[in-house]
Amino acid sequence: VFLEDYDLHTAKHLVHGVDVWLNTPRRPYEASGTSGQKAAMNAGINLSVADGWWYEGAEEGNGWTIGPGSQDVDENTESDDLRDVSDLYDLLEDVVVPLYYQRNTRGVPEQWMSVMRRSLETALPRFNTHRMVKDYFDSMYKPCAARSRKATADNHKMIRELAEWKRRVSGAFSTVHLVDITTSGARGGCIQTGQTFGLTVRVDTGDLSADELLVELVVGKTDPVNDIRDPKEIALKYKKDDVEGDRIVSFKGEFKAENKGNYSYGIRIIPYHKDLANKFDMGLVMWA
């Protein structure tokens, strides 16, 4: 039985009768794929594109992946669909169906059952509510409680100091200016896969100090409308000896292109304080 799943309400009634859970969304639009997780936990075997949960959950011997990983897809085009269709039918014809009908002398599909067991044992420990709640606790609840204790300590000292810093920076950020950008490693706007793209950004810090600014390289592959998809944020570093005079500071960093394709980048400058709730808390940004 092969099932294309688009309806979780229907899927919950069918999962026990599924041998292979077929999932073919276009990358990167799979929201999660919890139905595929549920199938795996009932010893169903996933046959899916590398998107949503299957991008994380696919391992050797626990199912099959259609086409390349999400990071290897430049854009969602008809050629991508045709490639995935070809790969799907190759998998069905050469791997999935032969394995299903491969039986021992007693008629038991031993190898198929090995994949079923592997599917079950790899999905259950990682994709469950216990792990989800632990992640929430470790990533959100615990840090939030620690921040609350810090914020209220010593008669709310941190809050009062942060509020004063915000008032000062709100008026001073307009004095920050980009001086220039110098790049290295690229020729004619291109670099080889695996090569390093370096850059130096000189910033006039105005009425702020270099420690009060976060200068980032935002880089990633571009989609068909030239937007950066899944951008990588790289904080640029400076040293005290990079300071030219009282205000001009050189921030430096690099990026290595691991995959082929079209990339775009930008320089983002925002106010920075270690006690901000998040780095965009000020709502101020300068792009270059």
Side-chain angles (χ1 to χ4, degrees), residues 32 56 129-184 196-221 227-256 263-288:
S32 174
E56 303 176 48
T129 305
H130 178 79
R131 196 222 69 187
M132 179 191 71
V133 172
K134 184 178 185 301
D135 286 351
Y136 271 113
F137 176 78
D138 292 339
S139 301
M140 300 181 69
Y141 302 149
K142 186 177 179 180
C144 186
R147 177 176 171 80
S148 177
R149 288 192 297 269
K150 182 178 179 181
T152 56
D154 196 12
N155 193 27
H156 300 82
K157 179 181 178 181
M158 186 195 89
I159 295 298
R160 289 185 283 108
E161 291 179 348
L162 188 58
E164 177 58 34
W165 180 85
K166 285 184 175 183
R167 282 192 291 269
R168 178 174 62 83
V169 171
S170 293
F173 188 68
S174 61
T175 66
V176 178
H177 299 285
L178 178 73
V179 177
D180 56 38
I181 301 173
T182 304
T183 63
S184 63
T196 297
F197 171 72
L199 76 167
T200 299
V201 180
R202 291 200 305 157
V203 178
D204 182 341
T205 62
D207 294 335
L208 299 179
S209 68
D211 291 333
E212 293 176 309
L213 295 174
L214 176 60
V215 181
E216 294 179 306
L217 168 64
V218 181
V219 60
K221 285 190 174 183
D227 289 332
I228 299 179
R229 190 174 72 192
D230 299 326
K232 185 175 183 179
E233 302 170 346
I234 302 172
L236 306 185
K237 308 293 184 181
Y238 83 96
K239 298 179 181 178
K240 295 298 182 182
D241 57 9
D242 289 332
V243 178
E244 304 174 14
D246 295 330
R247 294 163 51 120
I248 309 299
V249 180
S250 294
F251 293 82
K252 300 179 180 180
E254 60 184 29
F255 167 74
K256 180 178 289 188
Y263 288 81
S264 294
Y265 74 91
I267 303 300
R268 181 169 62 200
I269 305 173
I270 56 178
Y272 171 77
H273 190 287
K274 62 181 179 62
D275 290 328
L276 287 174
N278 66 76
K279 64 183 180 181
F280 301 115
D281 199 16
M282 291 293 292
L284 298 170
V285 62
M286 180 186 304
W287 281 100

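Each residue takes its place number in the sequence, starting with 1.
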Item to check | Y238 vs D211, side-chain contact (heavy atoms from CB on, under 4.5 Å): CA-CA, chis, key distance, verdict | outcome: CA-CA 9 Å; Y238 83 96; D211 291 333; 2.3 Å; yes

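- Here the closest non-hydrogen pair linking G253 and L236 is CA-CD2, 3.6 Å.
- Annotation for D275 and L162: closest pair O-CD2, 3.5 Å, computed over non-hydrogen atoms.
- When the shell of 6.0 Å around CZ of F280 is examined, it contains more than 12 heavy atoms from other residues, nucleotides or ligands.
- With sequence neighbours left out, Y272 forms a side-chain contact (heavy atoms from CB on, under 4.5 Å) with L214, K274.
- Annotation: salt bridge (charged side-chain N to carboxylate O under 4.0 Å, His left out) contacts of K142 (sequence neighbours excluded): none.
- A 4.5 Å side-chain heavy-atom check between K166 and L276 finds at least one atom pair inside the cut-off.
- Counting all heavy atoms, side chain and backbone alike, L213 lies closest to V203 at CD1-CG1, 4.3 Å.
- Between R168 and D207 the shortest side-chain heavy-atom distance does not fall below 4.5 Å.
- Between atom OG of residue S139 and atom NZ of residue K134 there is a gap of 8.5 Å, rounded to the nearest 0.5 Å.
- For S148 (side chain) and C144 (main-chain N/O), no donor-acceptor pair under 3.5 Å exists by modelled atom type.
- Without hydrogens or angle criteria, D204 side chain to G206 main chain gives a donor-acceptor distance under 3.5 Å.
- Within the model, atoms CZ of F251 and NZ of K239 stand 14.0 Å from one another, a figure rounded to the nearest 0.5 Å.
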Next on the checklist: Under the criterion side-chain contact (heavy atoms from CB on, under 4.5 Å), I'd like the reasoning laid out for K232 against Y263: C-alpha separation, chi angles, the key distance, then a yes or no.
Outcome noted: CA-CA 11 Å; K232 185 175 183 179; Y263 288 81; over 6 Å; no

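- Atom CZ of R247 is separated from atom NE2 of H177 by 7.5 Å, given to the nearest 0.5 angstrom.
- To the nearest 0.5 Å, atoms CD (E212) and CH2 (W165) are separated by 6.5 Å.
- Atoms OG1 and CG, from T183 and L217 in turn, are 11.0 Å apart once rounded to the nearest 0.5 Å.
- Between A151 and I159, the closest heavy-atom pair is O-CG1, 3.5 Å.
- Here A277 pairs with R147, D281 under the side-chain contact (heavy atoms from CB on, under 4.5 Å) rule; sequence neighbours left out.
- Not one N or O on the side chain of T196 forms a donor-acceptor pair closer than 3.5 Å with the backbone of K256.
- With sequence neighbours excluded, the residues forming a side-chain contact (heavy atoms from CB on, under 4.5 Å) with T129 are M132, V133, listed by chain and number.
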Which side-chain N or O atoms in residues 264-271 pair as donor and acceptor under 3.5 Å with protein atoms at least two apart or in another chain?
unit_1: R268; atom_1: NE; unit_2: E216; atom_2: OE1; d: 3.0
unit_1: R268; atom_1: NH2; unit_2: E216; atom_2: OE1; d: 2.8
unit_1: R268; atom_1: NH2; unit_2: E233; atom_2: OE2; d: 3.0

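- Nearest heavy atom pair, residue P231 against residue V218, reads CB-CG1, 3.7 Å.
- Among residues at least two apart or in separate chains, salt bridge (charged side-chain N to carboxylate O under 4.0 Å, His left out) pairs with a member in residues 170-180 are D180-R202.
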